[in-house]
Amino acid sequence: MANKVILHLRAETKPREARAALTPKTVKQLLDTGNFEIYVEEAPQSTFKTDEYRQAGAKIVPFESWKTAPKNRIIIGLKELPEETFPLIHDHIQFAHCYKNQAGWKDVLSRFSYGGGILYDLEFLENDQGRRVAAFGYYAGFAGAALGVLDWSFKQLNSEDKDLPGVTPYPNEDLLVADVKKQLSKAYKKTGRYPTVLIIGALGRCGSGAIDLCKKVGIPESNLLKWDINETKRGGPFQEIADSDIFVNCIYLSKPIPPFINLDLLNKDSRKLRTIVDVSADTTNPHNPVPVYTIATQFDTPTVLVDTTKGPKLSVISIDHLPSLLPRESSEFFARDLLPSLKELPNRKTAPVWKKAEDLFDHHVKRLNQSKL
């Protein structure tokens, strides 16, 4: 037992977050190696039931018990921790959103620095080719496009003073597609047309998910504008976005770029654009290429208005946990890809994926300490 890796799956606490970093299937697969001991917290929001984990062989522990768990446990979760101040003594595997100068990044890293814990950020787990070993990108694009089409359809069917109602996670992909297709069909019968959808980042995981959703709900291929680096290399802002009905931003921002859209282009009577889906949702990033909103939205209130003075009503969907709209499928998809790397955790000090992640953590802690001088 002394040589085993002890994982502690913490319950997600972000509102409407129903995904999990470990699924019952991956728990069983890890336990079958004989190299792991796994604790799973009771998680009221999770799409997976406690009994599923128990049957897979996990030891069930109370909600938020990770805070007082023995130091030798690796705490694994998905979304960032709540904004608290106590030092983090454990090693954590999670998305932390603190390596790209996001608001509050110093506070997040300081908790690790003070407590002696290590952050293995899921966003930066990369193989030898520099490609992420696991990502939610496909289902982020899929869900984002679904909400974008729902919002556009809602605007065709309702008065300007109404906003898209809140949504809840779907049990499976087929039900989501059927719901979107139904609303889109109603909008088509009223307007006689389908929306034009411009997707930037179309060649990536996220973009492919957005494209697949659009096709599955019946949007014609001719109405899909698939942009990637070749189409955007001239630099924005782009009039083509304002001329589309729905804009879906799927890029992974790694360096400052000119904005894709700005208020000058949006404040025109000729604008067709009604819905922006910022799947990247880098709301607090100073280089956000969609700098026309400042509020991250939630499933309860999926849209925020853009402050335009001309043209039709325009909304942004900026939910940073879009795959939770399909929590079971997206979790299984992600956990399957993450599994080979998790199996390397017993050798994490030398295994390339984990060593690179720890080196990156050390780099940013050093940057944090230098900023305090």
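By convention here, the first residue in the shown sequence is residue 1.
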For T26 and T23, does a side-chain donor sit closer than 3.5 Å to a side-chain acceptor?
-> yes

Residues 175-226 vs ring pair (Phe, Tyr, Trp, His ring centres under 6.0 Å), sequence neighbours excluded, gives Y188-Y194

Q | Ionic contact status for R274 with E160, cut-off 4.0 Å | A | yes

### Task
Begin with the C-alpha distance, continue with both residues' side-chain angles, and end with the deciding distance and a verdict on side-chain contact (heavy atoms from CB on, under 4.5 Å) for L109 and F361.
CA-CA 9 Å; L109 276 181; F361 167 73; 3.9 Å; yes

*Counting N and O atoms only, with roles assigned by atom type, does the side chain of T196 sit under 3.5 Å from a partner on the main chain of N223, one being a donor and the other an acceptor?*
no

Residues at least two apart in sequence or cross-chain that pass side-chain contact (heavy atoms from CB on, under 4.5 Å) with D243, listed by chain then number, are Q239

I'd like to know if the side chain of S46 reaches the main chain of A43, judged simply by a donor and an acceptor atom lying under 3.5 Å from each other, with no hydrogens or angles considered. no

Please tabulate, for side-chain N and O atoms in residues 77-85, each donor-acceptor pair with protein atoms closer than 3.5 Å (sequence neighbours left out).
unit_1 : atom_1 : unit_2 : atom_2 : d
K79    : NZ     : D320   : O      : 3.0
E80    : OE2    : K14    : NZ     : 3.3

Parallel under 30°, tilted from 30 to 60°, perpendicular over 60°: which one fits the rings of H92 and H90?
-> perpendicular

Partner of K313 under salt bridge (Lys or Arg N to Asp or Glu O under 4.0 Å), picked from D151, D163, D307, is D163

Honestly, is R73 close enough over Y39, meaning NZ or CZ under 6.0 Å from the six-membered ring centre and within 45° of the axis? yes

Checking the side chain of R10 only, and the main-chain atoms of I76 only, is there a donor and an acceptor separated by less than 3.5 Å?
no

Does R19 count as lying over the ring of F334, i.e. NZ or CZ under 6.0 Å from the six-ring centre, within 45 degrees of the axis?
no

Across all chains, not counting sequence neighbours, the ring-ring contact (aromatic ring centres under 6.0 Å, His included) partners of F48 are none

Would you kindly say whether E17 and S324 are connected by a side-chain donor-acceptor distance under 3.5 Å?
-> yes

Residues passing the ring-ring contact (aromatic ring centres under 6.0 Å, His included) test with Y114, sequence neighbours excluded, are none

Discussion item. Quick test of your reading of the model: are K28 and D32 salt-bridged, counting only N-O distances below 4.0 Å?
Written reply: yes

Applying side chain to side chain donor-acceptor pair (under 3.5 Å) to R367 and not counting sequence neighbours gives N101, H364

Contacts of W354 meeting ring-ring contact (aromatic ring centres under 6.0 Å, His included) (sequence neighbours excluded), chain-then-number -> Y120

*Sidechain N-carboxylate O distance under 4.0 Å for D359, K355*: yes

Taken in chain and number order and not counting sequence neighbours, the residues that satisfy side chain to side chain donor-acceptor pair (under 3.5 Å) with D300 are R16

Those residues at least two apart in sequence (or on a different chain) that pass side-chain contact (heavy atoms from CB on, under 4.5 Å) with N158 are F154, K162

side-chain contact (heavy atoms from CB on, under 4.5 Å) filter on D179, not counting sequence neighbours, yields Y170, Q183

Hits for side chain to side chain donor-acceptor pair (under 3.5 Å) against D121, two or more places apart or cross-chain, chain-then-number order -> none

Ring pair (Phe, Tyr, Trp, His ring centres under 6.0 Å) pairs touching residues 281-315, sequence neighbours excluded, are F299-H321

